[in-house]
Amino acid sequence: MAIKQRTIETELPVENNVIVAGIGCSGNLVHLLDGPQPFGIHGIHGRTLPISLGIKSANPDLNVLVVAGDGDFLSIGGEHIAPQAQRNLNVTCVIMDNGVYGLTKGQSSPTTEYGEITSSTPYGKIEAALNPLHLYLSMGVSFVASAFSSDVRGLAQLIQEGMDYKGFSIVHVQSPCTTYNDTFDVLKGNAKKGIEPQTYAIDDSHDPENLEAAFDLVQKPVPLGVVYKAAKAVALDERFEQVTANVKGTNAEQLIKSLAI
Amino acid sequence: MAIKQRTIETELPVENNVIVAGIGCSGNLVHLLDGPQPFGIHGIHGRTLPISLGIKSANPDLNVLVVAGDGDFLSIGGEHIAPQAQRNLNVTCVIMDNGVYGLTKGQSSPTTEYGEITSSTPYGKIEAALNPLHLYLSMGVSFVASAFSSDVRGLAQLIQEGMDYKGFSIVHVQSPCTTYNDTFDVLKGNAKKGIEPQTYAIDDSHDPENLEAAFDLVQKPVPLGVVYKAAKAVALDERFEQVTANVKGTNAEQLIKSLAI
Amino acid sequence: MLKQDFVVRFAGEGGQGMVTAAEAMAQAAAQVGYHVMTFVTFPSQIMGGPTWTQARISTTPALSNGDDIDVLVAFNEEAYDTHKDEVTDGGVIIYDSAVFQIDDDSSLGVAFDELGRSTGNTRAANMVILGALAKLVNWPEEYLVEFVKARFSRGRADDETIIEQNIHGLSLGKVEIEKSIFSLEELAPPNPPDYEQIVVKGNDLLAIGAIAAGLDYYVGYPISPATTILLYMEKNLIGPGKFVYQASSEIEAVNTVMGAGYAGARAMTATSGPGFSLMSEGIGAMWMMEIPGVIVDVQRGGPATGLPTKTEQSDLFAALHPAHGDASMPVIAPGTVEECFYAATKAIEWAERYQGPVMLLSEHMMADRTQNIPKPDVSSVKQPQREVYSGSNGYLRYEGTDVSPMPLPGGPGSYVANASEHDPMGDTTHLPIRHVENTERRFNKLKLLEDGTYESQNSEEAIAVMPWGGSKGPMQEAYVKLMENGEKIGWYYTMFMNPLPPALLEELRTKDLVIVPEVNFQGQFSSILRSEGVKAVSITQYTGLPFKTKDLVKQVTEKAEEQRKVAVSS
Amino acid sequence: MLKQDFVVRFAGEGGQGMVTAAEAMAQAAAQVGYHVMTFVTFPSQIMGGPTWTQARISTTPALSNGDDIDVLVAFNEEAYDTHKDEVTDGGVIIYDSAVFQIDDDSSLGVAFDELGRSTGNTRAANMVILGALAKLVNWPEEYLVEFVKARFSRGRADDETIIEQNIHGLSLGKVEIEKSIFSLEELAPPNPPDYEQIVVKGNDLLAIGAIAAGLDYYVGYPISPATTILLYMEKNLIGPGKFVYQASSEIEAVNTVMGAGYAGARAMTATSGPGFSLMSEGIGAMWMMEIPGVIVDVQRGGPATGLPTKTEQSDLFAALHPAHGDASMPVIAPGTVEECFYAATKAIEWAERYQGPVMLLSEHMMADRTQNIPKPDVSSVKQPQREVYSGSNGYLRYEGTDVSPMPLPGGPGSYVANASEHDPMGDTTHLPIRHVENTERRFNKLKLLEDGTYESQNSEEAIAVMPWGGSKGPMQEAYVKLMENGEKIGWYYTMFMNPLPPALLEELRTKDLVIVPEVNFQGQFSSILRSEGVKAVSITQYTGLPFKTKDLVKQVTEKAEEQRKVAVSS
Ligand SMILES: Cc1ncc(C[n+]2csc(CCOP(=O)(O)OP(=O)(O)O)c2C)c(N)n1
Ligand SMILES: Cc1ncc(C[n+]2csc(CCOP(=O)(O)OP(=O)(O)O)c2C)c(N)n1
Ligand code: SF4
Ligand code: SF4
Ligand SMILES: [Mg+2]
Ligand SMILES: [Mg+2]
């Protein structure tokens, strides 16, 4: 696991890591880690981001990692992405996109394709699929990467890079659900079955600090690698410090005094 | 008012119009209309879109107009835009963006600029401002227009065009708040004070059906006119009809029968 | 003596086909005229985790899961350890001998899977088990053979082969018992009822009830144990004027029901605890704006994410007062699978009649269980018609202290449905007199819903039991035993939790003690009854499982005795 | 006889400076030693709409707004019509004669605005009014002059000019009265208390209380009447380890408090009804995960969007049971501006002590009113320190049935805070025994909060009154009158609504009748008391305004009499 790897590399004690898990198959990962346990919080469906906002701003020294599914993060929790992007909350989100609601047994999710048959769309889905990478960029997320669950090492590297980055980072992972939505062949390609792969490695020539290039990239599914990495984004904790640096602190005694008659 | 205008033009009875109002100064408009009243629903903060989804899908013959503020639509209600875009819900949203929470007396909103002093950001806002037009495009909204409240006639025309369009349409209106955030001069320009206008009319050469061009346009604030208009987007009600056209309807009697032993 | 009742439990890991086994057993038994009930509980994980299901087969109507199990089918050792103590004396344990070995007189190892596969069908393990079970209670072979034939006659090319393989599986199971020393008493032949029956789960029947009552509009966000209502509707709520879809969240769902109800649709959504909590603001707004709609909460263990696949009756407080401010939500709580049908029709009717939100409080234990019940009479269900305003414009929608005809967009009488306090036109006003009048109007409308019925038995007794919701079945069974024991105790029951039928409340107030069994910690319903002036106490448990009949017999007896002592000494 | 009490009401349209007028009057009076209280109510619109404010000035502590008004200042005709009947006999109405004319013996037209502007200062109209009011009650001139000097000595170049203009305004007002036939009895000189005082509004003091208790973390979304807490925090909760910001919604706010509490911060959010309803799921999750945090609900008129700027006590049910599932939230409800301070410190302390969410239920009528109160003793406030786990890893966070030291990320004892039912490590489990144990653990922890204090008087009486929250003040005043009338009635009061102090509950259970005045329709608190075995009834009203003292005197007297009749005849 990338989390353990980082621990070793940076010699940050494992206690300093907090995993904020969504509700879904993906979030259950928080209970499955072996070895020294990081801290975890497995709250309610769709609220990983506000919870991590609370954790990270209450204690900026912590390394906070969000783990959530496409339903949790993009559907019920969709409202929380833009505000964190605007704050540039310094946490890393690993979004496991399987194009389906796994835990509740196969309903459609925001990334399920138009027209697809699922348990909740017996005659075909009537909503278009969302393009999460494009959306992240548009909301102003400062680090956006795209990964594929079958490439464990590549994924670990991207998570690492996201955690090293100071600012709001999202690693969006294509993670086929073998039970309800097995897109492995479509993503990886299968020469025998004549399936062209949807995924492709991002070209080395791509400059991840170039937002326009990033937008171009995410038009075509599914690039793998770092899509965007804002060059000079100041993270929330620093911003807060900057803004309040010149404010004289006060205390209750003084506040009461100012009201005396 | 554009609504009345349309009524006359299409000879649609005013009863067929429903205004779904957000909570905010903007939403209070629903009580201020004069003349023959359209139907209205003034519900709870941030929920204009789900409410109009219910109305429009329960009765597709109605003409549904959403009226909401930047706080209502983009902050607390921000989660509802993408799903309606994906459904291509055939309603028109008029968003009055004054860059502030007016009704609650001047707190910052998602479109308030970074660093700005407001009643809730006494030392400067620590969040970046959102670019709503870009976000709408990225979410897949099929009709996006940008307007300025001081040009009443231009605004009326854009609302008209949004209502004529079959699909999810948003007219985003720059609406300076004279009490808490008077951006009139900044938007309109003021030669005397040496202020360059931020708004500019969209050039006739712009092809509103060209999504890429639309994205280019919204990089620079504030274009006025129709930014984007998807050429062949099928609205939700039609989609639903298409999808269920070949499904044999059933009734409770038959459903019970199928369970008999 | 022949057995009148047979309870088998299947226990193992999620994904091992236990649900299918229990349901197949029940279905087969129901088809030959037994009364059946299953119970299903599994962890909220897709694969793995301890799971068990149970089937009860009875010659008389089954009202609870059955306290003790006659046969335990254990798929792994953990399951064996966890459940073996619940096997009744003389019961049998069958375990998968390919997975583990035990040394125990009452246990029989069978290699289900291997035997199943030997039929040439990889999914025939369940048939081996069914064959064994049938032999244990000496069922005629045709019971299961007929069932297999019915199930696999699907008009496919391989139907024949599959039927043959499955029948072979049954016989392999039978042989295992014959080879062994195990047997049970013979199960008495069924006593088929003389009325028409269906076999169904609570959620499906609730959905059908709503459809029967003319539901136009359904929207839901997946959540156990309510998801199957969404799936049922997606499949079946199709036709002119009907609309169904999956919401992006419960907040979207409830506000959409609000919009649809405002536009004239009979609208409904279903969820479970966490989603219900999210709907709170929207439900309050529907009350304020006077918009009809049905909110189903299929209760699971709480609080918070809680126990998604366990049963509990702990959302009653939340259902009565889901949101801030003065409101008292109508609540209907069915107590059996059968009642799910009538509860749904009634909820829709209530919503349309009083023009506001109605809470339908179901439970996991009914939602997911399969049961045979008398065929509901669809033809007797009247589709409620909302009173729609048809006059001219300039109508005062919120005038007076009673329900008033509702204008629909597209028709005359335009107004603003307003969640702020409003004047008769719907415009915002904060005048004290308007808030007073409107508050009274909103509560006054509840009187229209005082038509709920209730059951009573031995109403002359000073002490009574009064279960609610899913605790009805176990309490009914326990009540029969209490009567057999000669206890002097009355019986009351209603699914109309709010408003309670006024005559019922009157009766209850005259009692010395009303004993309320409920699956929650706080004794929520008895607390409500006490606040209404009834001397009520609860029998509670909060295991995530339904009551056992014997526990209820014991506790009711004790509580009644205590009360009699107090009454004498005071 | 000299007047001991003086009530003036300013009524007109929003935006006409009424709030400033009432507050200036109160501030000036407080500075010379009177007791003051203001009341503010305005429509939820930025401009326009009927608004009124009231200032009460008294020689003894002011406990309510005052029933009858001595002077009405009417800014327009509508205001005149609406309020004139509440002017007491011998009272005076002053109206803006530049706006409208009336013919009424007790009314005096003054052109406030014109006169004000004639001083050279466009904002001096208020001073004209204050000058007139002062003269009516024969205040020494220096009272207001001193006030004006203090307020406008801001170290700016134009201070002198502005002070002069304002003083000129005062004298213009005075002259208007002198020219007229109007006068009131003279207001008795102040009776300054011998303790230190502050003048403050409830919301500000609540914020200061939280800061005094060591609040680290505040997040809020604007909503009337809670917004001013956010604004106060944004300005003042600054310093090392402190964090404050505006959330994007109440759902974000509550989940952020959860995260911050989990990470070790003393965290709080404040909202009002609609926002509180949205927080419901998050609050339930904090209960389940055992995470400390304070949720303030400054109640306004409900349900739904309701009456944003009116007062009500109708969120008690919601506060006790905000979410689905078995939970019983600790609730503290201050009854006066002064108590807002102690309620906040106590709420933070409770949250840290029992490790869970605490509801702080304030009310619009306290939030926005200005009052003089004894200076709270900040030095006596102990900042609660959560019991933090400091052992080694491998800790079982959720073991046992009692509160246990809490590990904090960054320290030892890592675990998963889990909103699903969990084993002692925090991993998900659905075993019945764990749900039983954990449910008991969560409720057991509430016992730690049974340290609430309460007030009692004449506790030997069989009939008692027991107000809660903001109805305390009016009931206190009414109680004094009831005692003067010789009524035999006891008094109880606590701000600790849940858990109720056990000794108090015991006492209440012995009463023949407990009368609960509360500003809601359902009589929410008396209903809770009845469910706890107390013979309680409510006196309710739901006008969006606080109780009038005289109404309470009348209704309590009636209810007590009725009860005595019943007692005799039975
Ligand atoms: C408020 C609420 N609504 C619904 C649920 C039920 N629920 C649990 S997981 C889930 C969806 C999971 O989908 P996703 O986030 O894509 O995760 P996956 O299981 O596919 O990894 C839902 C709807 C819930 N727990 N809480
Ligand atoms: C759930 C909820 N939270 C908060 C509020 C309080 N509130 C009313 S309007 C408003 C913001 C209005 O801002 P905006 O939408 O930009 O409208 P404007 O007044 O600026 O036109 C808020 C926070 C509310 N009514 N309901
Ligand atoms: S395969 Fe699919 S359903 Fe199964 S655990 Fe993985 S994501 Fe969940
Ligand atoms: S000026 Fe600003 S505060 Fe006033 S009504 Fe307009 S938007 Fe609201
Ligand atoms: Mg998923
Ligand atoms: Mg705004």
Using a 4.5 Å heavy-atom cutoff, which residues in residues 83-100 of chain B come close to chain C? B/P83, B/Q84, B/R87
Listed by residue number, which members of residues 251-261 of chain B have a heavy atom under 4.5 Å from any heavy atom of chain C? B/A252, B/E253, B/L255, B/I256, B/L259, B/A260, B/I261
With sequence neighbours excluded, tell me which residues meet salt bridge (Lys or Arg N to Asp or Glu O under 4.0 Å) with C/E196. C/K375
Under 4.5 Å from any heavy atom of chain B - which part of [X]:
{"X": "C/I291", "result": "side chain"}
{"X": "C/V254", "result": "neither"}
{"X": "C/Y262", "result": "side chain"}

Strictly by modelled atom types, are B/T111 and B/D70 linked by a side-chain donor-acceptor pair under 3.5 Å? yes
Go through the atoms of B/V30 and report whether side chain, backbone, both or neither lie under 4.5 Å from a heavy atom of chain C. both
The interface call for B/S57 against chain C, heavy-atom contacts under 4.5 Å, is both
Among all residues two or more places apart in sequence or in another chain, which pass the ring-ring contact (aromatic ring centres under 6.0 Å, His included) test with C/Y232? none
At a heavy-atom distance under 4.5 Å, which candidate from B/L62, B/I23, B/I41, B/V20 has the highest pair count against chain C? B/I41
Worked verdict on B/F240 versus C/F243 for ring-ring contact (aromatic ring centres under 6.0 Å, His included): CA-CA 8 Å; B/F240 190 77; C/F243 213 94; 4.0 Å; yes
Top of C/V378, C/D216, C/N393 for chain B proximity - count of heavy-atom pairs under 4.5 angstrom: C/V378
Over 60° means perpendicular and under 30° means parallel, so tell me whether C/Y395 and C/Y389 are parallel, tilted or perpendicular. parallel
